[in-house]
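Take a look at the structure set out below.
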Amino acid sequence: MQNGDWVLIDYTARRASDSRIVETTRAEDAKAAGFEDQKTKYAPSLVIMGQGTTLVGLEEALLTMSVGESRKVEIEPDKGFGTRDPSLVRVLPVGEFRRREIDPKPGLVLDFDGRSGTVRAVASGRVTVDLNHPLAGEKLTYDVKLVEAVQDTAKKAQALLSASMHMKTGSPALSATSASFKDGALELTFGEELAKDINFIVGKTEFIGNVLRHMPDVKKIRVVEEYARKEQEPETKNETEKK
């Protein structure tokens, strides 16, 4: 592999200290770890080499791998989620939370000026908040397989679409009913069966930004959204008599 390549990888990541699974693309491993989500589509994940779409340590390993190869990769904190920074542990008055109608409890994850923080302790009117990444300072092991090198533009778009939603919101991935690429124009169709809710809007917006950022051969994007009128169910005889 080399920088600029698009690849799909299948992996399970564990903390080296206790072998606890922290992330996986495999349904069987998620189930074994007790965090399987029926709404999540477990499938190989997209990595764009050289674009910072995965951990430095994992990308370095992928650059030395071939399609179809599996490997166990050990990643030190400085090439993973970073070392722990004591200055990112803050102690705040509990009143600051109460004024915002927040009941702080250990484990609660909150947004602090655009940065995610975890409540570690609440005692004596004080709340300890940790702004470090939950895996900061942890050595990780990845059981990874390089599944495929993606070269077709339409297939790249489908892979990027799935990745965009999850990376931005952590929500289940999106998928298009169809995708095509011709004469610099990328066209995607979202069928009537796909819910056009706020998650769809966020994911679609992030996807378009990622296409413009990572796919220079795409000069124009067309998005087709299909909607269908729901058929009104016929009234029953009893409902007609009541009227």
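Keep in mind the model is a prediction, meaning the values are calculated, not measured. In what follows, residues are counted from 1 in the order of the sequence shown.
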Exercise for the section: Give, for atom NZ of Lys145 and atom OG1 of Thr25, the distance between the pair rounded to the nearest 0.5 Å. Expected result: 11.0 Å
Problem - Stacked cation flag Lys196 on Tyr227, 6.0 angstrom / 45 deg - result: yes
Problem - Atom pair CD (Glu59) and OG1 (Thr54), whose distance is rounded to the nearest 0.5 Å - result: 7.5 Å
Problem - Step-by-step salt bridge (Lys or Arg N to Asp or Glu O under 4.0 Å) determination, Lys79 to Glu60 - result: CA-CA 9 Å; Lys79 292 188 177 182; Glu60 288 180 351; 3.0 Å; yes
Exercise for the section: Calculate, to the nearest 0.5 Å, the distance between atoms OG and CD belonging to Ser178 and Glu187 respectively. Expected result: 7.0 Å
Handout entry: Side-chain donor-acceptor contact under 3.5 Å, Glu23 with Tyr11
Key = yes
Exercise for the section: May I ask whether Leu63 and Val67 are part of the same hydrophobic cluster, defined by side-chain heavy atoms of I, L, V, M, F, W, Y residues being less than 4.5 angstrom apart, directly or through others? Expected result: yes
Exercise for the section: Carefully, step by step, assess Thr83 and Asp85 under the rule side chain to side chain contact (heavy atoms under 4.5 Å, CB included). Expected result: CA-CA 6 Å; Thr83 56; Asp85 183 352; over 6 Å; no
Exercise for the section: Would you check if Val129 and Arg120 make a side-chain contact, meaning some heavy-atom pair closer than 4.5 Å? Expected result: no
Practice task
Pick out which of Asn210, Thr205, Val211 makes a side chain to side chain contact (heavy atoms under 4.5 Å, CB included) with Phe207.
Solution key: Val211
Exercise for the section: Kindly indicate whether the side chain of Pro93, heavy atoms from C-beta on, has any atom under 4.5 Å from the side chain of Arg126. Expected result: yes
Handout entry: pair Thr128-Val119: side-chain heavy atoms closer than 4.5 Å
Key = no
Fill in the blank from the handout: In Thr141, Asp143, Thr24, Asp29, the residue satisfying side chain to side chain donor-acceptor pair (under 3.5 Å) with Arg14 is Asp143
Practice task
Go through the steps to decide whether Ile9 and Leu58 satisfy the test side chain to side chain contact (heavy atoms under 4.5 Å, CB included), and finish with yes or no.
Solution key: CA-CA 11 Å; Ile9 63 171; Leu58 182 57; 4.0 Å; yes
Exercise for the section: Would you mind checking if Glu69 and Arg71 are paired as a salt bridge, meaning a charged N to carboxylate O distance below 4.0 Å? Expected result: yes
Handout entry: In one Ile/Leu/Val/Met/Phe/Trp/Tyr side-chain cluster, 4.5 Å: Met65, Trp6
Key = no
Practice task
Before giving the answer on side chain to side chain contact (heavy atoms under 4.5 Å, CB included), spell out for Glu74 and Lys139 the whole-Å C-alpha distance, their side-chain angles and the decisive distance to 0.1 Å.
Solution key: CA-CA 7 Å; Glu74 294 187 348; Lys139 180 179 179 179; 3.4 Å; yes
Problem - Atom pair NE2/CG of His133 and Leu88 - distance to nearest 0.5 Å - result: 13.0 Å
Practice task
Would you give the length of the straight line joining atom OG1 of Thr118 to atom CG of Leu131, rounded to the nearest 0.5 angstrom?
Solution key: 8.5 Å
Practice task
Decide yes or no for Phe190 and Val223: does some side-chain heavy atom of the first lie under 4.5 Å from some side-chain heavy atom of the second?
Solution key: yes
Exercise for the section: Assess whether side chain to side chain donor-acceptor pair (under 3.5 Å) is satisfied between Thr153 and Asp217, documenting all intermediate values. Expected result: CA-CA 8 Å; Thr153 300; Asp217 53 333; 3.0 Å; yes
Handout entry: Contact check, side chains of Phe97 and Leu110, non-hydrogen atoms, under 4.5 Å
Key = yes
Exercise for the section: Check step by step if side chain to side chain contact (heavy atoms under 4.5 Å, CB included) holds for Arg222 and Leu186. Expected result: CA-CA 6 Å; Arg222 300 190 187 100; Leu186 174 66; over 6 Å; no
Practice task
Would you give the length of the straight line joining atom CG of Leu46 to atom NZ of Lys156, rounded to the nearest 0.5 angstrom?
Solution key: 9.5 Å
Practice task
Would you mind checking if Arg99 and Glu96 are paired as a salt bridge, meaning a charged N to carboxylate O distance below 4.0 Å?
Solution key: yes
Problem - Heavy-atom side-chain proximity of Glu148 to Lys155 below 4.5 angstrom - result: yes
Handout entry: pair Leu108-Ile102: side-chain heavy atoms closer than 4.5 Å
Key = yes
Practice task
State yes or no: do Val91 and Val94 share one hydrophobic cluster built from I, L, V, M, F, W and Y residues joined by side-chain heavy-atom distances below 4.5 Å, directly or via other members?
Solution key: no
Exercise for the section: Compare all side-chain heavy atoms of Val122 with those of Lys105 and state whether any distance is below 4.5 angstrom. Expected result: no
Handout entry: Atom CD of Gln151 with >12 non-hydrogen neighbours under 6.0 angstrom
Key = no
